[in-house]
Amino acid sequence: MHIETIAIHAGNHVDETSKAVIQPIILSTTFERAVDGTYPGGYIYSRSSNPNRTLLENVLAKLEGGSDAAAFSSGNAAGMSVFQSLPPGTHVIAPDDMYHGLRNQLKLLFAGILTFDFIDVNDSQVLMDHLRPETGLIWIETPSNPLLKITDIKQVVKIAHQNGIKVACDNTFATPVCQQPLALGADLVMHSSTKYFGGHSDLMGGALITKVKGDWWLKIRQVQEYGGAIPSPLDCYYLARSIKTLPYRIRGHVHNAQLLAEFLEKHPKVESVMYPGLPSHPQHDIAKAQMTSFGGMLSFCLKGGREEANRVINQLKLFTRATSLGGVESLIEHRATVEGPDTKTPFNLLRVSVGLEHIDDLVEDLAQALA
Ligand SMILES: *Cc1c(COP(=O)(O)O)cnc(C)c1O
């Protein structure tokens with residue numbers, strides 16, 4: 001089945017008693033037992049599982065081509081569950097430009113429990129030099145935030161699997177519409193569903209999708225159930241609802257991002273544009289090989305430095321100055337000041353979450369702000 005069809009049908013079912021076409025929201029925290037003590041509906045208690053979460057997990061698994069999915073209360077809770085599922089002492093390799101919230105999670109919450117190196121995972125030699133007997137996981141994120149660097153998924157998977165190491169991929173920027181890491185060999189996919197899955201900047205969520213249901217997945221399910229960082233039935237409902245339009249929303253985001261990137265690249269006040277859909281992107285060929293389209297995120301650097309970046313961002317009318325991404329409205333942010341003092345992000349860089357407004361209006365707004 002095609003992804004448009006999966007998005008609409010895999011997270012929904014016609015209710016058996018009322019015949020409602022859209023799945024009802026089941027808020028009950030507890031479920032009645034039969035006289036023989038069994039649970040005829042298959043549900044016991046909502047921390048363990050809930051009908052709305054089951055439907056959401058079903059559509060998430062199908063979208064990424066996985067065998068199962070687990071939904072969480074945020075993207076960071078999903079990441080946390082991966083790291084908590086690893087035996088203490090495991091060595092984790094992560095990208096040097098890993099999403100700063102997860103980098104801080106590792107540094108602040110897992111010091112003394114796991115060991116980790118933040119490196120350029122795309123450099124095979126560097127990657128191999130950092131492998132240790134206790135390395136259990138290589139974490140990748142592609143395209144990366146905010147530099148839109150591309151990691152060659154197949155290449156990392158090859159090195160990892162030759163050494164008995166698992167690969168998890170943060171697929172938040174790409175979404176399964178643009179890129180399917182499990183098909184490229186990754187073992188696990190992670191999402192902040194706060195972003196494109198939610199798509200309207202009004203809910204938080206996270207997801208993990210697994211290729212196989214082995215021992216590692218069982219452990220992750222235990223962290224989900226006993227850790228309890230689960231989404232509410234309402235959040236699950238809203239997410240499954242938003243996902244129905246995900247493939248069409250992504251088409252719009254990609255269309256606008258490509259045209260905006262081309263406009264910015266030609267502008268005399270712009271120093272550089274980072275968008276994997278541009279032939280000038282240093283890893284455009286890898287992006288073309290592993291992505292079906294290039295996503296809705298781009299960054300650009302201004303010739304005038306930090307002051308010029310501030311001037312432009314304050315001159316814009318349609319782009320809202322805010323962090324986060326993946327909503328229908330365009331957002332722009334000065335990334336270095338969000339990431340904090342240890343950031344490696346250039347101070348003249350602005351990150352754009354390209355929304356679904358008409359492209360001519362977006363270009364016009366940027367043109368007047370840059371002028
Ligand atoms: C936002 C984000 C996260 C964290 O997700 P939350 O929902 O904010 O917890 C992780 N990775 C990437 C790439 C993100 O953009």
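Whatever order the structure lists ligands and atoms in, that order sets their numbers, starting from 1.
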For this session: Examine the side chains of N310 and H334 and answer whether a donor and an acceptor come within less than 3.5 Å of each other.
Result: no
Students should be able to answer this: which protein heavy-atom is nearest to [atom], and at what distance?
{"atom": "atom 8 (O) of ligand 1", "value": "M204 CE, 3.7 Å"}
{"atom": "atom 6 (P) of ligand 1", "value": "G75 N, 3.4 Å"}
{"atom": "atom 10 (C) of ligand 1", "value": "Y99 CD2, 3.3 Å"}
{"atom": "atom 9 (O) of ligand 1", "value": "N76 N, 2.8 Å"}
{"atom": "atom 12 (C) of ligand 1", "value": "D170 OD2, 3.4 Å"}

Does a salt bridge link [X] with [Y], judged by any charged N lying under 4.0 Å from a carboxylate O?
{"X": "R221", "Y": "E57", "answer": "yes"}
{"X": "R351", "Y": "E333", "answer": "yes"}
{"X": "D97", "Y": "R103", "answer": "no"}

Exercise. Can you tell me if M190 has a non-hydrogen atom under 4.0 Å from ligand 1?
Worked result: yes
For this session: Return yes when G205 approaches ligand 1 closer than 4.0 angstrom through a heavy atom, no otherwise.
Result: yes
Seminar exercise, completed: Taking only non-hydrogen atoms of E141 and a 4.0 Å limit, the atoms of ligand 1 in range are 13 (C)
Exercise. Which atoms of ligand 1 are found less than 4.0 Å from any heavy atom of L325?
Worked result: 15 (O)
Exercise. Taking the six-membered ring for Trp, are the ring centroids of W139 and F83 within less than 6.0 Å of each other?
Worked result: yes
Exercise. Any idea which heavy atoms bring L102 and G79 closest together, and the distance?
Worked result: CD2-CA, 4.1 Å
Problem set entry | T142 versus K149, closest heavy-atom pair with distance | OG1-O, 3.9 Å
Ligand 1 to [X] polar contact by distance, N or O atoms, under 3.5 Å:
{"X": "N145", "value": "no"}
{"X": "L102", "value": "no"}
{"X": "K195", "value": "yes"}

For this session: Determine the sole option in L264, L316, D365 for which the side-chain contact (heavy atoms from CB on, under 4.5 Å) test with L370 is passed.
Result: L264
